Amino acid sequence: MANHVALLLLLSLQLTASFSQQPGDDPDLRTLLKIKEQFGDQAALVSLLPGTDQCNWPYAYCNQHRRVVAIFLQNVNITSTIPPAIGDLDQLHTISIHSIPGLHGPIPDTFGKLSHLSIFNIMRTSVSGSLPASLSRTNLTSVSFFSNKLTGRIPRSLQDLPYLTYFDASNNRLVGRIPPGLVSNGAPDRPLGLTLTNNRLTGPIPRTYGRERYFMNFRVANNRLTGDAAFLFGRRNTVYDVDLSGNRLRFNLTGVEMPENLLFLNMSRNRIYGGVPASLTQLKKLTTLDLSYNQLCGEIPTGGNMGRFKPEAYEHNKCLCGTPLPAC
């Protein structure tokens with residue numbers, strides 16, 4: 001009799017475990033239904049109902065254990081704040097929210113609970129408020145907050161993320177200084193990218209970025225940055241794309257050694273003085289150059305690919321001369 005009861009109990013536990021894996025009874029579905037409740041019965045979520053399979057929902061992606069690991073919401077008709085319940089999807093490694101102008105309000109602090117979160121994109125929305133410092137508790141490697149309405153300072157705690165190699169917060173309203181280690185080469189095989197264009201950032205560019213040898217892009221145009229930026233360059237550095245335009249940077253450009261792989265260089269609309277560096281003549285891959293609206297003087301060096309650049313690349317300086325400008 002005892003053996004018979006034990007066998008029934010074992011079968012009961014096996015059946016319970018089996019039913020718990022059926023679609024409609026997953027813990028992540030309950031969380032997604034909370035998210036749907038906050039979003040309301042809007043077009044993107046109408047197919048998500050109690051008893052359905054969340055892994056068939058077109059905006060969520062599951063792993064082999066039926067846990068939601070990624071959310072992609074793009075060009076959907078949602079007017080809402082971001083649901084804090086997203087922070088309860090504890091296996092998430094990717095969040096990508098793109099082109100949803102009706103999405104507004106702050107990024108919830110609860111996202112700091114997502115210890116597996118690696119890729120986090122919120123782009124072209126009306127999301128506002130400050131960046132939560134709690135994101136430093138995640139495992140972020142790539143972040144894009146391009147073109148939102150974010151305000152406040154970039155939390156210094158984000159420099160504690162050891163593998164963050166790409167950070168884009170351009171086209172927002174961020175203020176204050178750039179944290180010195182926002183991106184770092186914790187993964188040596190991956191190039192770094194820092195894009196903070198079109199904000200209200202102030203102060204000097206931290207010199208720590210001059211020690212990083214492999215930048216895919218360094219773009220900080222149209223802020224209020226000051227001081228010296230010559231340390232960003234150097235023959236040994238691998239930098240492809242540098243945009244420092246529209247700031248208040250002031251340093252001598254004459255002897256700066258340019259990285260040989262440089263493709264794009266814009267330093268226009270600053271207070272840079274000295275002469276056009278001779279090292280530009282050695283750059284075989286440089287396709288874009290803009291040094292206009294500075295305080296440069298002297299003869300423009302010739303040779304290499306310098307002949308490809310038009311007068312507009314040098315206009316409105318103190319006293320530059322030589323091809324393609326009038327002779328000295």
Side-chain angles (χ1 to χ4, degrees), residues 106-107 122-133 135 143-159 164 166-184 192-212 215-233 239 241-254 256 258 262 264-274 276-277 288-297 312-318:
I107 299 172
I122 298 180
M123 302 177 287
R124 298 185 185 276
T125 75
S126 299
V127 169
S128 60
S130 58
L131 293 172
L135 292 176
V143 169
S144 180
F145 298 130
F146 169 75
S147 198
N148 296 291
K149 297 179 180 178
L150 296 169
T151 56
R153 297 174 179 268
I154 301 172
R156 287 182 65 92
S157 61
L158 296 186
Q159 66 189 16
L164 183 62
Y166 182 81
F167 188 92
D168 182 351
S170 53
N171 292 13
N172 282 285
R173 302 167 187 172
L174 299 172
V175 300
R177 299 196 171 202
I178 302 172
L182 192 54
V183 292
S184 61
L192 304 180
L194 181 64
T195 303
L196 298 170
T197 300
N198 295 331
N199 279 285
R200 301 168 187 174
L201 300 168
T202 55
I205 297 171
R207 286 187 170 269
T208 50
Y209 294 110
R211 296 197 289 267
E212 301 293 353
F215 262 106
M216 184 63 69
N217 56 56
F218 191 96
R219 304 179 69 91
V220 293
N222 300 327
N223 283 283
R224 300 167 188 173
L225 302 171
T226 56
D228 188 352
F231 58 84
L232 292 172
F233 305 99
V239 184
D241 182 335
V242 178
D243 191 349
L244 307 176
S245 61
N247 282 288
R248 301 168 187 175
L249 299 169
R250 180 171 174 78
F251 59 95
N252 190 337
L253 189 61
T254 307
V256 172
M258 292 293 169
L262 198 60
F264 179 100
L265 178 62
N266 190 343
M267 293 184 171
S268 64
R269 293 175 289 119
N270 278 286
R271 300 168 185 178
I272 300 169
Y273 60 93
V276 177
T288 302
L289 175 68
D290 193 345
L291 302 175
S292 62
Y293 291 89
N294 278 292
Q295 299 170 14
L296 299 172
C297 197
E312 292 79 10
Y314 308 103
E315 65 184 2
H316 296 285
N317 271 285
K318 189 175 180 180

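Predicted model only: the values in this text are computed from it and were never measured.
- Across every non-hydrogen atom of G176 and R153, the tightest pair is CA-NH1, 3.3 Å.
- In this structure, CG in L174 is found 11.5 Å from OG1 in T202, a value given to the nearest 0.5 Å.
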Step by step, would you call L196 with I154 a side chain to side chain contact (heavy atoms under 4.5 Å, CB included)? CA-CA 10 Å; L196 298 170; I154 301 172; 3.9 Å; yes

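- With hydrogens and angles left out, the side-chain atoms of N222 and N198 include a donor and acceptor closer than 3.5 Å.
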Take I205 and V220 through the side chain to side chain contact (heavy atoms under 4.5 Å, CB included) test and state the conclusion after the steps. CA-CA 9 Å; I205 297 171; V220 293; 4.2 Å; yes

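- Atoms OH and CG, on Y166 and L194 in that order, are 9.5 Å from each other to the nearest 0.5 Å.
- With F264 as the aromatic partner, R219 meets the cation-pi criteria of under 6.0 angstrom to the ring centre and within 45 degrees of the ring axis.
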Residues V127, I107; criterion side chain to side chain contact (heavy atoms under 4.5 Å, CB included); working and verdict: CA-CA 7 Å; V127 169; I107 299 172; 3.8 Å; yes

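- Checking side-chain atoms of N217 against main-chain N and O of G193 turns up no donor-acceptor pair under 3.5 Å.
- Considering every non-hydrogen atom in both E212 and S184, the closest pair reads OE2-CA, 3.6 Å.
- Here the CZ-CG distance, from R250 to D228, works out to 11.0 Å after rounding to the nearest 0.5 Å.
- Rounded to the nearest 0.5 angstrom, S157 OG and L135 CG are separated by 8.0 Å.
- With N223 contributing its side chain and R200 its backbone, the two residues share a donor-acceptor pair below 3.5 Å.
- With sequence neighbours left out, the side-chain contact (heavy atoms from CB on, under 4.5 Å) criterion links A313 to F309.
- Remark: F218 pairs with Y209, F215 by the ring pair (Phe, Tyr, Trp, His ring centres under 6.0 Å) rule, at least two apart or across chains.
- Between the side chain of D243 and the main chain of A221, no donor-acceptor pair closer than 3.5 Å is present.
- D290 contributes a side-chain N or O that, together with a main-chain N or O of S292, makes up a donor-acceptor pair within less than 3.5 Å.
- A donor-acceptor distance shorter than 3.5 angstrom exists from the side chain of N247 to the backbone of L225, with no hydrogens or angles considered.
- For the pair L265 and F233, the minimum side-chain heavy-atom distance is below 4.5 Å.
- Without hydrogens or angle criteria, N172 side chain to F145 main chain gives a donor-acceptor distance under 3.5 Å.
- Under the 3.5 Å distance criterion, the side-chain polar atoms of N270 are left unmatched by any main-chain donor or acceptor of I272.
- Residues forming a side-chain contact (heavy atoms from CB on, under 4.5 Å) with T226 (at least two apart in sequence, or on another chain): P204, R248.
- Taking the side-chain contact (heavy atoms from CB on, under 4.5 Å) definition, one finds that S147 meets it with R124, N171, sequence neighbours left out.
- Counting all heavy atoms, side chain and backbone alike, G274 lies closest to N252 at CA-OD1, 3.5 Å.
- Taking CE from M123 and CG from D168, the interatomic distance works out to 8.5 Å, rounded to the nearest 0.5 Å.
- One N or O on the side chain of N148 and one on the backbone of I122 form a donor-acceptor pair closer than 3.5 Å.
- Partners of N317 under the side-chain contact (heavy atoms from CB on, under 4.5 Å) rule, at least two apart in sequence or in another chain, are N294, L296, L320.
- The distance from the CG atom of L249 to the CZ atom of R269 is 11.5 Å, given to the nearest 0.5 Å.
- Residues meeting the ring pair (Phe, Tyr, Trp, His ring centres under 6.0 Å) test with Y293, sequence neighbours left out: H316.
- Closest approach of F231 to P206, counting heavy atoms only: CE1-O, 3.4 Å.
- The minimum heavy-atom distance linking S128 with L150 is given by the pair O-CD2, 3.9 Å.
- Closest heavy-atom contact between T208 and G181: OG1-N, 4.4 Å.
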Between Y314 and L289, is a side chain to side chain contact (heavy atoms under 4.5 Å, CB included) present by the stated rule, with each step listed? CA-CA 9 Å; Y314 308 103; L289 175 68; 3.7 Å; yes

